[in-house]
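Before any comments, here is the structure.
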Amino acid sequence: MSYHFNEIEKKWQNYWADNQTFKAENNSDKPKYYVLDMFPYPSGAGLHVGHPLGYIASDIYARYKRHKGFNVLHPQGYDSFGLPAEQYAIQTGLHPKITTEINIDGCLSNENKILEKYVNEDGSIKNEALIDKNIPVNIKDDNYQDNIIKGYRKQLDKIGFSFDWSREVRTSNPEYYKWTQWIFIQLFESWYNNDSNKAEPIETLISKFASEGNTKVNAVCDDAIAEFSAEDWNGFSSEQQQEILLKYRLTYLAETEVNWCPALGTVLANDEIVNGVSERGGHPVIRKKMTQWSMRISAYAERLLQGLDTIDWTDSLKESQRNWIGKSVGASVTFNVNMTSEMLKHVQHDLSEPHSELVSESHPYKIEVFTTRPDTIYGVSFMTLAPEHELVSKITTEAQKADVDAYIEATAKRSERDRMADVKTISGAFTGAYAEHPFTKEPIPIWIGDYVLAGYGTGAVMSVPCGDQRDYDFAKHFDIPIPNIFEGVDISEEAFSDKEKTVIANSDFLNGMNYKKATKRAIYELEQLGQGEGKTNYRLRDAVFSRQRYWGEPFPVYYVNGMPQMIEQKHLPIVLPEVEKYLPTEEGEPPLGRADVWAWDTKNNKVVSNELIDHEHVFPLELNTMPGWAGSSWYFFRYMEEAANRGEAFASEDALNYWENVDLYIGGSEHATGHLLYSRFWVKFMKDRGFVNVEEPFKKLINQGMILGTSAFVYYIFYSIIDQNTKEVLVNKKSVFISRESYDRIHSEGNKTNLASDIVKPYIEKSLLNKINKKELHLMTPFSNSHVDVSFVNASDELDIEAFKNWRLEFKDAEFELEDGVYKVGREVEKMSKSKYNVVNPDAICEQYGADSLRLYEMFLGPLEQAKPWNTAGITGVHGFLKKLWKLYVGDNGLNVSDTEPSKDSLKTLHKTIKKVEEDIENFSFNTSVSTFMIAVNELTAQKCTSKAILEPLLILISPYAPHIAEELWSRLGHTESISTAAFPKFEEKHLVESSKNYPISFNGKMRFTLELPLDMTKEDIEKTVMAHEKTIAQLDGREPKKVIVVPGKIVNIVG
RNA sequence: GCUCAAGUGGCGGAAUUGGUAGACGCGCUGGAUUCAAAAUCCAGUUUCUUCGGAAGUGUGGGUUCGAUUCCCACCUUGAGUACCA
C-alpha cells in the first residue's frame, strides 16, 4: 500500500475538526503555554507559500509543547478592519463587511453559506449586498481577484494547523470592537501620574484639583497648562474643567500637526510613512493641522524602553524600538532674547493673550533649547530656530524681514521628502535678533535653518560649531565664528564630537573637565541661574488615533458644545453606521459624515437619525474611526476567553490570570515600531488600571524571514523590417527568444556589433533577407526581457513553450533559439508578487505533494528567521522522505511493525534523533530537524528496523512537523487516540555510549587520516599508537615532530 | 552617514564552550529496472592533481598546536533608520 497523502490529510483534518482535538481548556492541571501568530489581514489575494511559514513554525512548537505535557493555547483570527476592503468598496459599492466575509470564508461552492447570501451562481453579487446598485460587480471577474476566492480559512485548513478555531476573533465584529471601544473609554478616563509612575482613574486627578489645584500635580500632560488653585478649579465652569482635563487624559482631542495623505484622504501615523510617502500606495504626505484624537503614548516612553530588557526578543527588534523611542539625556537651557523696541511692541500685544508661556514680564522673550551637550555651552556662537518656530515672526528685525520671509516661504514649499533627501545643501537666514549667553552675557546671533526640525525637542538649538558637524557646516557656510573649546583638538577641518575624549577649555569654570564632569557642573550652574535643568528627551511622539475612513471602529463619542463625551459602557457597541458611499463628503468630512443615522440620543441611549439633533438631548457622533492598530493592540487577551463565556468583559479575570501573556509570538519584523509598540503601550496601561496583570504582552518573539520568489525570465529580440523608401513596415515586432547568454552579450556590446541582427537573420525569409543585406530594407532589432509565469518552467529551468505561447498571445508566432531542443529561462530571486509571476500557491502544493510535504519543505528551506528563496523543484526531496517513512511502516502486505527487540543500532538512531530534534525545536532550528528525520529514516531503513519500540516514538517526534502521516501511522499501530496526546519520547544517554572513537589525526591542524581507537585509552598510549602508525611516518617523511597534542575523545594534532 | 545581520560547492543550506568543512536535500553525471516514460533503486558529484597528494569557508592580517567559529582592518550584500541637537 502506498502513501495516499490526499486521503490521509483530508481524513485527519476532518477528525481534528470533529473531535475538537486542539481546543484549549481554561481549567487544567497542566502548565499553560500560549503560542500566537500575528493574525492576518484577510486580503482577497489569498495566501502564497510565504504566508504560512510562521504559522507552520508556531504550529510545530504548539504541537511539541502538547507532547511535552503543556496545556497549549494556539488560536487564530483576523485583523479584518483595513484599507483594501474599503478601497474596493469605493470602486464597487460592495460593502467592506461582505468582501471581508468572502475573503475569509470564500465563495467557492454552493454549499457555502456566503455564496448564497451575497453571490449569485454566475458569480455576480446580489443587488442587496451592494450599496450602489448601479455598479455591476462580479466576484469571478478579474477586477476583483483571481476569479474565485477560496477564502483564508479554507486555505489555512488545508495545511493542517492545530488552531483552536473556537476562539477565533475578527476585529471588525461588533462583539469584538465593543471592547476596543471600551478600552478607548478607559484611556479617556485615565491620566498618568508621574509620582506613582502609572495611569490612574481621572477621578483621582479631579479630586486633587478640587483640593489643591494643579501646582503639585506631577502628570504627563500637554505643555502650556496654566497653573490654578483649588479655588480656581472649583470656580471654573464645567466646560472649562473639561477643557483642562482633556490636557491630562491618556487619549485626548487636540489640534495637532498631522501627516495628511491627500490621495488616501486620511491621516497617517509616523510608522505608516516610509521615505516621506505613504507605506500603502506610496502617495505623498503633507503636514496639516487637524483636530484629532491622540494617544499619550509618550507617558510610557521610559517604561516601554525599560521593559525591553525583560523580554526575549531579537536584539535588532529591540534596537528598532529603542531608536523609535529615541531617548536622549541632556539639559534644557533657556536663552533670553535681547529685546529691541520692535519686539517690545509685540510683547504688549502678546500679554493681552492669556496662557502664553513664552512671554512673561520679567523675561519678555526666551528661547528654550534641548541639548545633549550642556558641557559645550561656552562654544555656542549662534542659535538656530526651525523656520516654523513661533518666535521667528516676533523677533525678526525690519532689516532682515524680507530675507527671513523669503526663506520661510522657500522651505514651506519643499516637501518633507525633499528636505529629508537633500541633507547636503545648507540654507538658512539671519533674523537680526540676538540672544544672551547665560554665563558670558555675550550677544548670540539668532538664525533660522531647516536643519532644525520643528517637530523634535523645542524646535530650537544652541549651535556649537566646534562640537557638532551640522552646526559646523552651517557656521562655515555663513561665515559665523567657530570658537574652539576643546583642549588639544584641531577643528580647522571638522567638528570634534567625541564625548569620551573631550577635555573642555576656554570655558571658565568648566576648564579641564571631561564630558561627564562638565555636563554635571554646567547643569548645576544653569539651575543656579534658573536658566536650565537636566532633562531627558524622547523622540517618541503621541500617536494620532483618528482616521478619516469608513472601515474601522467607530468612536463611542458624541459632542456637546464641541466637548467630547463618552458613551456609557452598557450601551456599547456603537455599531458602524451604513453609508451610501465610502468617500469623504463634499465638505471634506470623513465618510461617516454621510451617515443619516449617526446621532446620540442621551435620553433613550441609542443611535438615532441626524434629523433629531437638537443639542439638548440628541448630539452628533464622532465622524472619525480608529486606526488599524486599535483592534490588534489587545486581541491576544480576547483569545484567552472561551467563546461561550465571552460577554461580561473582554476576558474574564480567571482566564486572564490563567493564560497571563503570550509565551511565544511569531510574526513579521515589519511590525517592529507599529503593532509591537502600541500593544506594549496598551498592555502597560491596562496593567496600571488593573484590567490585566501582566506588564508585557509577548514574552518571546520570533520574526520569520520572508520567503522570496524565484522569478523566471525570457529574453527576446523583437525585430521589425521597414522599407526605407516607402516607410512601409513589412515585418512588425516579431520575436525571437534568445538565451540569457546572448541577451547579456547584446546588452554589454550595445550597438558596437551586429550580434542581434546576426541572431535574427536565420529566421527571416530569404527574399527579405537579401534586400536587407543589400540595404534596401532596414532591420530593427530592439531587445528586451520579461517575467514569465513560473508554472511554465520545470525544475531544470526549461520553458514549456506551448503553454507560454498560449499565455502571451503577442508571442504566438515567436521563434525560439533552442539549446539541445529546449529553451532555458533565466532566474532571479525577488519578492513574491503577482506582477512578477512568481507566486506559488500553497493549495497547489498541497494538492500535488500534500500538506505534510509543504510543512516539511517550508521548514527545510533554511533558518526560520532568514529570508530565503522558494524553489518548488526542491520539494521532491521532502516528499520522497515521506514516502520512505511510509514504506518503513507499511509494506506491500500490510504493516511492517512488530514487537521484536530493537537492535542496538536502531536504539542509537532513535535516541540521537530524540536528542537532536528536541534541541532543534527548543532553538527554533526547524530546518535541521528535518534533515535529522531524513537521516533517521535512512538509517532505520538500512537497518531493516521493524521494532515498535523504535518506530512508535519516532512517529511522535515527526508528528509536529508532519501531523497527518503521523496520525495515520499511529492509528495503524493500533492507537485509538490522537497522536497529539502522546508524551514526547524520553532521551536516554546510555544508548549513545561508545567504546571507541574514530580519531582524526591531523598534521599542523589539517586532518590527514582517521584511526579507530578505544575511548578508555590513555593520552600516552594514544600518542604512542599514533606515532607508530605507518601513515604517520609517511606523513612526517623523516621530520621530527615538535609537539603532539592529544585531546582524548576528540582529536590528535601533530606539529612539525 | 549610522545601527544591526550576513558572506561556505551549480543551488537551498549544515557544522561555533575553537577540534574530521560541505551533513541533509535539490540539481547534475553514470548505471539498474522498463517496449518506453514516470516512479523507484544503486554509484558519483568543492577545486586542482603527476592519483602519492595538495589547496579550500568574501579579502588582508592577528591570536592558537589547531580558526567557517575569536580579534583587527577592508570589500560586498541585505534589513532598519536617518539633519534627533
Side-chain angles (χ1 to χ4, degrees), chain A residues 2 274-275 314-320 322-324 326-328 330 369-373 376 384 386 419-426 449-453 455-464 467-471 473-474 497 537-539 669-670 672-673 703 705-706 710 795-797 827 829 856-857 860-863 865-881 883-884 887 925 927-935 938 997-1010 1034-1035 1041-1047 1049-1056:
Chain A
S2 58
V274 178
N275 294 329
T314 59
D315 287 339
S316 67
L317 211 129
K318 288 186 185 183
E319 202 53 32
S320 298
R322 284 194 192 104
N323 287 339
W324 196 259
K327 180 180 183 175
S328 42
V369 302
F370 173 76
T371 177
T372 54
R373 299 294 304 273
T376 63
T384 315
R419 262 168 89 163
M420 281 199 298
D422 179 19
V423 179
K424 293 268 143 38
T425 315
I426 293 159
D450 68 1
Y451 81 95
V452 176
L453 305 176
Y456 184 74
T458 58
V461 300
M462 59 176 228
S463 302
V464 183
D468 182 285
Q469 194 58 43
R470 290 156 303 167
D471 295 344
D473 295 340
F474 194 88
S497 56
N537 211 31
Y538 297 92
R539 194 185 86 115
S669 56
E670 65 273 19
T673 50
N703 293 127
M706 203 189 308
T710 314
S796 315
D797 294 344
R827 291 287 201 176
V829 171
L856 281 172
Y857 190 52
F860 189 61
L861 277 179
E865 303 191 42
Q866 186 178 305
K868 54 228 165 229
W870 177 270
N871 179 9
T872 304
I875 201 170
T876 54
V878 291
H879 187 64
F881 156 73
K883 285 191 203 166
K884 268 190 225 170
K887 266 168 72 178
S925 174
N927 53 328
T928 49
S929 36
V930 178
S931 31
T932 305
F933 293 140
M934 290 173 172
I935 294 166
N938 287 344
K997 156 93 187 164
N998 197 21
Y999 277 92
I1001 311 300
S1002 52
F1003 293 79
N1004 298 319
K1006 284 248 164 245
M1007 200 281 288
R1008 293 309 178 205
F1009 63 94
T1010 60
Q1035 238 344 293
K1042 287 190 191 122
K1043 206 175 185 183
V1044 179
I1045 310 274
V1046 178
V1047 185
K1050 282 217 160 143
I1051 200 170
V1052 177
N1053 190 21
I1054 298 161
V1055 188

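Here is the naming used below: chain letters follow the sequence lines, and residue numbers restart at 1 for every chain. The structure displayed is predicted, hence computed values, not measured ones.
At a threshold of 4.0 angstrom between heavy atoms, the contacts of A:Asp471 with the nucleic acid are absent. A:Ser463 comes within 4.0 angstrom of no nucleic acid atom, judged by non-hydrogen atoms across all strands. No contact: A:Gln469 has no heavy atom under 4.0 Å from any strand.
For the pair A:Arg322 and B:U81, the criterion of a side-chain N or O lying under 4.0 Å from OP1 or OP2 is not met. An OP1 or OP2 oxygen of B:A82 is reached within less than 4.0 angstrom by a side-chain nitrogen or oxygen of A:Arg539. For B:G25, the OP1/OP2 oxygens have a side-chain nitrogen or oxygen of A:Asn938 closer than 4.0 Å. The phosphate of B:A85 (OP1 or OP2) has a side-chain N or O of A:Ser328 nearer than 4.0 angstrom. For the OP1/OP2 pair of B:A85 and a distance below 4.0 Å, the side-chain nitrogens and oxygens of A:Tyr456 include at least one atom meeting the criterion.
Going from the P atom of B:U16 to that of B:G10 covers 24 Å, rounded to whole Å. Rounded to whole Å, the P atom of B:G56 lies 41 Å from the corresponding atom of B:A39. Between B:U50 and B:A55, the two C1' atoms lie 16 Å apart (nearest whole Å). For B:A21 and B:A67, the C1' atoms lie 12 Å apart once the distance is rounded to whole Å. Using atom C1' as the reference point in both B:U59 and B:A6, the two lie 16 Å apart (nearest Å).
The nucleotide whose nearest atom lies closest to any side-chain atom of A:Ser320 is, among B:G80, B:G27, B:G13, B:G80. Relative to the side chain of A:Arg1008, the nucleotides B:A85, B:A23, B:A54 differ in distance, and B:A54 lies closest. When the nucleotides B:G25, B:G13, B:A23 are ranked by their closest atom to the side chain of A:Lys884, B:G25 comes out on top. Across B:C24, B:G19, B:A39, the shortest atom-to-atom separation from the side chain of A:Lys1050 is found for B:G19. Residue A:Val461 has its side chain nearest to B:A85 when only B:A85, B:C24, B:G13 are considered. Closest approach to the A:Lys883 side chain among B:A85, B:U40, B:G27 is made by B:U40 (side chain taken as heavy atoms from C-beta onward).
For the pair A:Glu319 and A:Pro869, both in contact range of RNA chain B, the more 5′-proximal nearest nucleotide belongs to A:Glu319. Residue A:Thr1010 is the one, among A:Ser931 and A:Thr1010, whose nearest nucleotide of RNA chain B lies closer to the 5' end (criterion: closest heavy atom).
Between the side chains of A:Thr710 and A:Asn871, no donor N or O sits under 3.5 Å from an acceptor N or O. Under 3.5 Å, the side chains of A:Thr384 and A:Ser463 contain a donor-acceptor pair of N or O atoms. A donor-acceptor pair shorter than 3.5 Å cannot be found between the side chains of A:Ser929 and A:Thr932.
The distance between atom CG of A:Asn927 and atom P of B:G22, rounded to the nearest whole Å, is 18 Å. B:C83 atom P lies 13 Å from atom CG of A:Asn323, rounded to whole Å. When rounded to the nearest whole Å, the span between CG of A:Asn537 and P of B:A85 equals 8 Å. Here B:A85 presents its C1' atom at 5 Å from CZ of A:Arg470, a figure rounded to the nearest Å. Atom P of nucleotide B:G19 and atom CZ of A:Phe1003 are separated by 20 Å, given to the nearest angstrom. Separating the NZ atom of A:Lys868 from the P atom of B:G12 is a distance of 13 Å, rounded to the nearest angstrom.
In terms of heavy-atom proximity, A:Met462 sits nearest to A:Arg373 at CE-O, 3.8 Å.
Base pairing in RNA chain B gives the following stems of 3 or more Watson-Crick or G-U pairs, range against range and under 3.5 Å: B:1-7 with B:75-81, B:10-12 with B:24-26, B:27-32 with B:40-45, B:46-48 with B:53-55, B:58-62 with B:70-74.
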Show me the protein contacts with nucleotides 65-71 of chain B, counting only N or O atoms at under 3.5 Å.
unit_1	atom_1	unit_2	atom_2	d
B:C65	O2'	A:Asn1053	ND2	3.1
B:C65	O2	A:Asn1053	ND2	2.7
B:G66	O4'	A:Asn1053	ND2	3.4

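Counting only distance, with no hydrogens or angles, the side chain of A:Asp471 and the backbone of A:Val464 share a donor-acceptor pair below 3.5 Å.
When side chains are defined from C-beta on, A:Asn537 counts as touching A:Tyr456, because their heavy atoms get closer than 4.5 Å.
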For the pair A:Ser328 and A:Thr372, evaluate side-chain hydrogen bond (donor to acceptor under 3.5 Å, both in side chains) and give the outcome as yes or no after the intermediate values. CA-CA 7 Å; A:Ser328 42; A:Thr372 54; over 6 Å; no
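Here the two rings, on A:Tyr538 and A:Trp324, have centers that are 6.0 Å apart or farther.
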